[in-house]
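Here is the structure we will look at.
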Amino acid sequence: MENNSFKKRTEPSAALVKAEAWCAFQERCQQEARDKLYSWGLHRDEVENIISELISRGFLNEERFARAYAGGKFRIKKWGRVKIMIELKRRKISDYCLRKAMEEIDEDDYLRVLKKIIADKMRTEKEKNPLKKKLKVMRYAVSRGYENDLVRGIMEEDE
């Protein structure tokens, strides 16, 4: 019987070229690159050597990744800071880079987007009971990653 679980191993020199192309396509963090290199069958020392080579050649940059990620998730998906921070931490981004990433989100834009999310949800929420409706809208905004106090403040402002 043939064993299909055997995975073809990529040679380190070929893996570096593939990783450069993969990183050039879109911003990546070190953890994503590590996971990808391990999936190609490389060993720990080889992976770390390739990671350091990618960093020195400018293909990997944690701060650049964190800024792009935070800015993109906020502008495109309208995620709040809490959700963005959780996702960046899951990718093992340093505290310094987390702070830099949050600088990408303009405070005025953040509040404007949150107010729009709340207004849109209030308009489309089918709940008739005003208290339940308000609670559902608040829960929705918090689930999008917005701070509980900020959501509550904006909703009380609109009453």
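Residue numbers start at 1 and run along the sequence shown. Keep in mind that what you see is a predicted model, and the values were worked out from it rather than measured.
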Worksheet item: Below 4.5 Å, heavy atoms only, C-beta onward: do I84 and R81 meet side chain to side chain?
Response: no
Discussion item. Given E104, which partner from the list R75, R67, K73 fulfils the side-chain hydrogen bond (donor to acceptor under 3.5 Å, both in side chains) test?
Written reply: R67
Discussion item. If hydrophobic clusters are built from ILVMFWY residues whose side chains come within less than 4.5 Å, do I105 and V82 share one?
Written reply: no
Discussion item. Enumerate the ring pair (Phe, Tyr, Trp, His ring centres under 6.0 Å) contacts for residues 104-133, please, sequence neighbours excluded, ordered by first and then second residue.
Written reply: F74-Y110, Y110-Y146
Discussion item. Side chains of R34 and Y38 only: does a donor on one sit below 3.5 Å from an acceptor on the other?
Written reply: no
Fill in: Contacts of type salt bridge (charged side-chain N to carboxylate O under 4.0 Å, His left out), residue R64, not counting sequence neighbours
E27
Response to the item:
Heavy atoms of E46 and P12 approach each other most closely as OE2-CG, 3.4 Å
Worksheet item: So, for F65 and E32, which heavy atoms are closest and what is the spacing to 0.1 Å?
Response: CE1-OE1, 3.8 Å
Response to the item:
Grouping ILVMFWY residues whenever side-chain heavy atoms fall under 4.5 Å, the cluster of F25 otherwise contains none
Worksheet item: Do H43 and D45 touch side chain to side chain, with heavy atoms closer than 4.5 Å?
Response: no
Worksheet item: Between N129 and L131, which heavy-atom pair has the shortest distance, and what is it?
Response: OD1-N, 2.9 Å
Fill in: D35 and Q31 side chains, donor-acceptor separation under 3.5 Å
yes
Discussion item. With rounding to the nearest 0.5 angstrom, report the CE to CG distance, M85 to L98.
Written reply: 4.5 Å
Item to complete: Could you check if a side-chain atom of L114 sits within less than 4.5 angstrom of a side-chain atom of V151, using non-hydrogen atoms only?
Response: yes
Worksheet item: What pairs with R44 under salt bridge (charged side-chain N to carboxylate O under 4.0 Å, His left out), at least two apart in sequence or on another chain?
Response: none
Worksheet item: Out of curiosity, K18 NZ to I50 CD1, how far, rounded to the nearest 0.5 Å?
Response: 10.5 Å
Worksheet item: Could E87 and K83 be called an ion pair, given the rule that one side-chain N must be under 4.0 Å from one carboxylate O?
Response: no
Fill in: salt_bridge(K116, D120) N-O dist < 4.0 Å
yes
Worksheet item: Would you say K78 and R144 make side-chain contact, with heavy atoms under 4.5 Å?
Response: yes
Worksheet item: Distance under 6.0 Å and angle within 45° of the ring axis: does R28 meet both against W22?
Response: yes
Worksheet item: If you look at every heavy atom in C97 and A66, which pair is closest and at what distance?
Response: O-CB, 3.7 Å
Worksheet entry | E125 versus V137, closest heavy-atom pair with distance | CB-CG2, 4.4 Å
Practice prompt. State, with a plain yes or no, whether a side-chain heavy atom of K134 is found less than 4.5 Å away from one of E127.
Written response: no
Worksheet item: With a 4.5 Å limit on heavy-atom distance, are the side chains of L16 and R57 in contact?
Response: yes
Worksheet entry | Shared hydrophobic cluster for L111 and M102 (ILVMFWY, side-chain gaps under 4.5 Å) | yes
Worksheet entry | Test item: E62 and C29 side chains (from C-beta on) under 4.5 Å apart, heavy atoms | yes
Fill in: Distance (rounded to the nearest 0.5 Å) between Y69 OH and Q26 CD
10.5 Å
Worksheet item: Are V17 and L54 co-members of a hydrophobic cluster defined by side-chain heavy atoms under 4.5 Å apart?
Response: no
Item to complete: Mind checking the CE-CD1 spacing from M122 to I117? Nearest 0.5 Å is all I need.
Response: 14.5 Å
Fill in: Partners meeting side-chain contact (heavy atoms from CB on, under 4.5 Å) with D149 (sequence neighbours left out)
R152
Worksheet item: Side chains of K136 and K132: closer than 4.5 Å at any heavy-atom pair?
Response: no
Worksheet item: Can you tell me how far CG of L42 sits from CZ of R9, rounded to the nearest 0.5 angstrom?
Response: 5.5 Å
Fill in: Counterpart residues, salt bridge (charged side-chain N to carboxylate O under 4.0 Å, His left out), relative to K100 (two or more places apart)
E103
Worksheet item: What are the two closest heavy atoms between A15 and T10, and how far apart are they?
Response: N-CG2, 3.7 Å
Item to complete: Answer yes if I86 and V142 sit in the same cluster of Ile, Leu, Val, Met, Phe, Trp and Tyr residues linked by side chain heavy atoms under 4.5 Å apart, and no otherwise.
Response: no
